[in-house]
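What follows is a single structure, written as structure tokens, with notes after it.
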There are 2 protein chains.
Amino acid sequence: MNQIGHLAGATMQCAGQSSSEAGRRAQRCRSCTVRKNALFVGLSPTELDEIAPAVPDIVVPAGETLYDAESRADSLFIIRRGVVKLVNYLPDGSYRIVRLARRTDVLALETLLGEPCDHTAEALTEVEVCRVPIGVVRMVMERQAWLSTRMIHHWHLAVQTAHGWLTRYATGGARQRMARFLADLHDECVSEACPRPCFEVPSRDDVGAILGITKETASRLISDFRRSGLLCKVDARRIEVDRERLEEVAAAEA
Amino acid sequence: MNQIGHLAGATMQCAGQSSSEAGRRAQRCRSCTVRKNALFVGLSPTELDEIAPAVPDIVVPAGETLYDAESRADSLFIIRRGVVKLVNYLPDGSYRIVRLARRTDVLALETLLGEPCDHTAEALTEVEVCRVPIGVVRMVMERQAWLSTRMIHHWHLAVQTAHGWLTRYATGGARQRMARFLADLHDECVSEACPRPCFEVPSRDDVGAILGITKETASRLISDFRRSGLLCKVDARRIEVDRERLEEVAAAEA
DNA sequence: CGCCACATTGATTTGGGTCAAGCGACGTGG
DNA sequence: CCACGTCGCTTGACCCAAATCAATGTGGCG
């Protein structure tokens with residue numbers, strides 16, 4: 001429907017067509033700290049300047065849709081900041097979240113194969129993404145063989161993550177699954193080198209859609225964890241967890 | 001442990017070192033009906049003859065392990081016949097099956113990235129695979145750019161399958177999940193153009209490990225489906241299902 | 001024949017779903 | 001500025017589906 005329109009709009013917002021805008025983008029790409037983890041790690045500064053103008057960066061507010069399932073995208077999205085959920089809607093209106101994507105993750109890879117998007121991608125927090133037209137990707141791929149390998153790594157990451165979700169979030173009791181999920185969020189946070197490892201938990205509905213439980217059960221479990229001292233609020237939105245004890249709960253065979 | 005040894009043994013069995021063996025393999029590759037769906041669709045007969053000698057075909061009896069998680073493989077495996085389960089073992093000894101692979105599927109893709117195997121692969125039925133050394137794959141990739149795209153398709157397939165499992169086999173009640181699973185097995189069977197669409201259901205333990213339920217629940221559901229006329233045995237191992245009604249059960253919102 | 005692995009079925013318990021009420025935070029409009 | 005409505009979270013009461021524990025059945029094989 002309108003997510004393309006939305007993005008086009010957003011693009012226009014920050015695009016302009018002036019050479020100063022192109023210059024800004026070049027500067028952005030040169031100093032980008034995400035790049036080395038994502039696609040274009042091997043490009044020379046010159047090459048970078050060449051593609052930068054064609055790669056708009058977009059800020060998407062929380063709750064907005066990046067793209068819809070079944071739609072045709074013409075770009076990949078590299079996440080620079082924020083969290084995006086990839087959602088599969090079921091015929092009966094309920095939904096299942098199959099992945100959370102963050103900094104350095106690349107979305108809509110299927111576009112490169114000429115296929116429609118596999119999921120709906122919604123911003124969970126405010127998100128900043130670079131929209132890389134597939135034409136640019138193809139061009140770089142032709143000139144730089146390593147990009148294929150680079151791309152494959154992202155695919156493989158997607159496979160590993162999905163299998164991880166199957167074994168960790170869809171196996172065992174709700175309590176274990178919640179413990180594993182919170183532990184993973186914690187680790188994610190640690191790996192980003194936050195000074196104090198605290199993080200934001202998605203809405204109860206979303207947690208439910210991740211773990212395959214109801215929002216009520218999700219709520220109960222979190223409350224229960226708090227009462228047991230497994231976690232505590234650090235402010236209105238963020239929490240801090242006891243990683244050790246969480247791990248015990250996650251492994252409990254009862 | 002010994003899966004490498006086992007494969008080496010199997011390789012030796014059907015390898016020999018005679019030129020007649022090489023000839024047999026060349027013939028096998030030329031007439032291979034799997035090839036067009038798997039990796040080497042674009043090779044000329046000459047090129048095919050070139051790599052064929054380096055690609056042993058192996059028969060693995062039901063129950064045997066192709067390779068173990070964490071192990072280092074030096075080959076990809078292309079399945080020519082049979083069904084393989086990819087398993088993740090959990091610390092407590094239980095296990096979760098994350099994928100079923102069959103004809104034309106390519107296993108141990110992670111090997112190509114230099115990573116250890118992500119799962120344990122066990123033959124569910126007797127299985128026939130071609131073991132393609134990564135050296136061969138790399139060589140062909142260098143010469144034939146299309147192979148990268150080809151490989152990526154297999155990765156993407158793995159992602160789609162895994163996400164499909166999350167939404168179909170890990171969402172909703174046990175009854176719905178079982179119905180979806182049997183429907184999928186049926187479709188799989190149809191797509192292979194069996195004259196009569198009947199198929200073999202894995203052991204109750206395995207079904208449990210696929211759907212995240214216990215073997216007892218799996219058994220009860222199947223018995224129940226049979227009593228409801230949703231399925232019937234066609235021989236000791238194979239069953240036939242009522243695809244239509246199965247679909248209804250799978251979609252039921254209650 | 002007897003063993004063993006696997007499937008089925010039953011009895012019982014319990015985890016988590018469902019339905020429903022209350023609560024606090026926030027934004028809007030009077 | 002406060003009243004009100006909305007939305008998401010929490011908590012409770014109840015009930016059902018699925019796990020658990022356990023016994024019996026069945027087919028294959030040495």
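A note on names: the letters A, B, ... follow the listed sequences, proteins ahead of strands, and every chain is numbered from 1.
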### Message
Please verify the inter-ring angle class for A:Y67 with A:F77; under 30° counts as parallel, over 60° as perpendicular, anything in between as tilted.
### Response
parallel
### Nearest-angstrom distance from the residue atom NZ of A:K215 to P of D:dG8
10 Å
### Query
So does A:S219 get a side-chain nitrogen or oxygen closer than 4.0 Å to the phosphate oxygens (OP1/OP2) of D:dC9?
no
### Query
What residues in residues 202-213 of chain B put a non-hydrogen atom under 4.0 Å from any atom of DNA chain C?
B:S203, B:R204
### Query
If you check every side-chain atom of A:E216, which of C:dA20, C:dT9, C:dG17 has the closest atom?
C:dA20
### Query
At under 4.0 Å between heavy atoms, what does A:S223 touch on the DNA or RNA strands: base, sugar-phosphate, or nothing?
sugar-phosphate
### Verdict with supporting geometry, A:E192 and A:R103, salt bridge (charged side-chain N to carboxylate O under 4.0 Å, His left out)
CA-CA 9 Å; A:E192 300 210 2; A:R103 184 166 226 273; 5.3 Å; no
### Message
Rounding to an integer number of Å, can you tell me how far B:R220 CZ sits from D:dT20 P?
### Response
12 Å
### Query
Does the distance from a Lys or Arg side-chain N to an Asp or Glu carboxylate O, for B:D184 and B:R168, drop under 4.0 Å?
yes
### Task
Kindly say if A:T217 contacts the phosphate of C:dG16, meaning a side-chain N or O under 4.0 Å from OP1 or OP2.
no
### Rounded interatomic separation in angstrom, taking CG from A:D224 and C1' from D:dT10
13 Å
## Note on the structure
For residues 218-232 of chain B, the side-chain hydrogen bond (donor to acceptor under 3.5 Å, both in side chains) pairs (sequence neighbours left out) are B:R175-B:D224
### Query
Do A:W165 and A:I210 touch side chain to side chain, with heavy atoms closer than 4.5 Å?
yes
### Message
If I take atom CZ in residue A:F225 and atom P in nucleotide D:dC9, what distance separates them, rounded to the nearest angstrom?
### Response
17 Å
### Task
Could you tell me whether the phosphate oxygens of D:dT11, OP1 or OP2, come under 4.0 Å of any side-chain nitrogen or oxygen in A:R227?
yes
### Task
In whole angstrom, give the distance that lies between atom CG of A:L221 and atom P of D:dC9.
14 Å
#### Entry: Check ion pair A:K233-A:E240 (N to O, under 4.0 angstrom)
no
### Summary
Across all chains, not counting sequence neighbours, the salt bridge (Lys or Arg N to Asp or Glu O under 4.0 Å) partners of A:D118 are none
## Note on the structure
From CZ of B:R177 across to P of D:dA17 the rounded distance in Å is 14 Å
### Query
D:dG8 P sits how many Å from A:E200 CD, rounded?
15 Å
### Task
Rounded to the nearest angstrom, tell me the gap between atom CD1 in A:I222 and atom P in D:dG8.
15 Å
